[in-house]
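The next block holds one structure in the form of structure tokens; read it before the comments.
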2 protein chains.
Amino acid sequence: MKPPSDKSAGRRKSRPSFEPLQPHEIELADFFVRMAGILGVPRSVAEIYALLYISPNPLDFDHIQGRLGMSKGSVSQGLKFLRGHEMILSVKEQGSRRERWQPTPSLAASLVALLRSQFLPALEQAQPSLQRVLADAQQRGTQPEVIERLSRLNRWNSRALELAPLLLPPPGA
Amino acid sequence: MKPPSDKSAGRRKSRPSFEPLQPHEIELADFFVRMAGILGVPRSVAEIYALLYISPNPLDFDHIQGRLGMSKGSVSQGLKFLRGHEMILSVKEQGSRRERWQPTPSLAASLVALLRSQFLPALEQAQPSLQRVLADAQQRGTQPEVIERLSRLNRWNSRALELAPLLLPPPGA
DNA sequence: GCCTAGGTTCAAAAATTATTGAAACATCAG
DNA sequence: CTGATGTTTCAATAATTTTTGAACCTAGGC
């Protein structure tokens, strides 16, 4: 498309050249990556979050990609994930269509939102199933031990569902 | 992998022939599998647990393998995992070296133990790292915003570590 | 002791998940 | 409107995780 026609004079953008992560940044990223791993959140997502978390000011797409040495696709998907879980927010400066990202004020709230989004659907979907399983067991005169277990599971599930709305992202935002 | 040619009726234990899971059992298994998935616990492990959970009496190795149609290796590893996290316990009947498995009385306790075993090591290992990262940031005169974030992270980590011992598996066991 | 039921290990295969990058898309400054 | 910039999509690939199965242990009955 664009052969190196000599456009270089005025534009400093010729070589993005971002510096790789510093040791202290890597250390923090490792922490986030590890914690994220437990919840099944991919490495790339955790790295993006860590970078934003330790950066003094919001970063744009290219900086994230450049400093983490990661593909456009991964950055895009990572931001999508973080956005979707309200873990980051963008500061779009006017005069530019570029978005700059920073972590949401409360990591705690972010985590709650993330957990909710993972468990809630499972709990909701499970409700009827569990009731069916229990009814089934009762009907066929299963041993009381098992009935008891299944009842407890049902109660748990119900309680979790009731409690869930209380865990709405706190108002302060 | 072809099945061994049938040696007619020669074998005493010729056909273990376990019946596959019933619909209600499958439904429960699906529930456990889904929940386990969120915590990164493999399907096979969740299936084993579900089967034991819904079974009126303890099951031995061969029953588990047979009913779930799963390899020896998986059953062995699955039981190892569940045992390791104290989610099941065995009733060895005398006169036989065979172990029979059943779920631990409290699923709640099991889950707590599981979570602890995942997060605790990460938290412990992170402690010095996080402190280093914070010190580093302070030293280089990073923006207060970031210092604040990192401090909070440190506090969290410390608190989590302090709280962890309180979550010891309850005495009743 | 020996033999074998009962189980474990672990390298290889299969299944699943994450990442890449090029093409498509969208938006806004001009 | 147009074109460059900024971003998303998604099929292909790479990386990781799970499962398998056959070889290998091991305890206990004989």
Side-chain angles (χ1 to χ4, degrees), chain A residues 1-3 5 7 10-14 16 18 29 32-34 36-49 58-84 88 90-101 118, chain B residues 1-4 11-14 16 18 29 32-34 36-49 58-84 88 90-101 118:
Chain A
M1 313 281 142
K2 202 196 302 182
S5 52
K7 213 174 171 180
R11 303 274 262 138
R12 219 38 358 177
K13 212 153 139 214
S14 57
F18 296 99
F32 278 112
V33 166
R34 191 153 180 205
I38 296 174
L39 297 173
V41 173
R43 153 175 293 268
S44 64
V45 172
E47 284 180 348
I48 293 173
Y49 188 86
L59 298 184
D60 66 30
F61 198 105
D62 290 349
H63 274 77
I64 297 170
Q65 184 186 357
R67 295 215 60 207
L68 294 175
M70 164 183 297
S71 73
K72 262 167 174 267
S74 286
V75 174
S76 177
Q77 295 201 160
L79 290 176
K80 183 180 185 178
F81 179 97
L82 292 169
R83 230 185 292 136
I88 59 175
S90 82
V91 188
K92 205 186 300 186
E93 57 188 329
Q94 31 123 265
S96 165
R97 149 155 83 97
R98 191 157 230 160
E99 309 218 58
R100 304 175 71 225
W101 301 96
Q118 306 230 78
Chain B
M1 267 160 295
K2 60 153 107 167
R11 305 252 280 137
R12 49 211 125 238
K13 244 194 221 159
S14 62
F18 296 100
F32 279 113
V33 166
R34 191 155 180 203
I38 297 175
L39 297 174
V41 173
R43 155 174 292 267
S44 63
V45 173
E47 284 181 347
I48 293 173
Y49 188 86
L59 299 184
D60 66 31
F61 197 106
D62 290 348
H63 274 76
I64 297 170
Q65 185 186 354
R67 296 216 59 206
L68 294 174
M70 155 185 305
S71 72
K72 257 169 173 257
S74 286
V75 174
S76 177
Q77 294 201 160
L79 289 176
K80 182 181 184 177
F81 178 98
L82 292 169
R83 229 185 293 136
I88 59 175
S90 82
V91 188
K92 207 186 298 185
E93 56 188 328
Q94 30 122 268
S96 164
R97 137 160 91 100
R98 188 157 230 154
E99 308 218 58
R100 303 175 72 223
W101 300 96
Q118 305 229 78

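Heavy-atom basis, side chains included; hydrogens, waters and symmetry copies ignored. From a predicted model like this one, the values you see are computed outputs, not experimental measurements. Order of the sequence lines fixes the chain letters, A, B, ..., with proteins taken first and strands second; residue numbering starts at 1 for each chain.
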[X] [atom1] - [N] [atom2] separation (whole Å):
| X | N | atom1 | atom2 | answer |
| --- | --- | --- | --- | --- |
| A/Met70 | C/dG21 | CE | P | 12 Å |
| B/Glu47 | C/dA15 | CD | C1' | 14 Å |
| A/Lys92 | C/dC28 | NZ | P | 6 Å |
| A/Gln77 | C/dT20 | CD | P | 10 Å |
| A/Arg98 | D/dG6 | CZ | P | 4 Å |
| B/Leu68 | D/dT20 | CG | C1' | 15 Å |
| B/Glu99 | C/dG6 | CD | P | 11 Å |
| B/Phe61 | C/dG7 | CZ | P | 6 Å |

Gap separating the [atom1] atom of [X] from the [atom2] atom of [Y], nearest 0.5 angstrom:
| X | Y | atom1 | atom2 | value |
| --- | --- | --- | --- | --- |
| B/Ile88 | B/Leu79 | CD1 | CG | 4.5 Å |
| B/Leu59 | B/Trp101 | CG | CH2 | 12.0 Å |
| B/Arg97 | B/Glu99 | CZ | CD | 10.5 Å |

Of the listed nucleotides C/dT19, D/dT19, D/dT8, the one nearest the side chain of A/Arg83: D/dT8

Lys/Arg-Asp/Glu bridge criterion (N-O < 4.0 Å) met for B/Arg100, B/Asp60: no

Distance test, side-chain N/O of B/Ser44 to OP1/OP2 of D/dT19, below 4.0 Å: yes

Under-4.0 Å side-chain N/O to phosphate OP1/OP2 contact, B/Lys80 with C/dT9: yes

Sugar-phosphate, base or nothing in reach of A/Arg100, heavy atoms under 4.0 Å: nothing

Sugar-phosphate, base or nothing in reach of A/Ser76, heavy atoms under 4.0 Å: base

Closest-nucleotide ordering on DNA chain C, the 5'-leading residue of A/Arg97 and B/Trp101: B/Trp101

First encountered from the 5' end of DNA chain D, between A/Ser74 and A/Ser96: A/Ser96

Heavy-atom donor-acceptor pair, B/Gln77 side chain to B/Ser44 backbone, under 3.5 Å: no

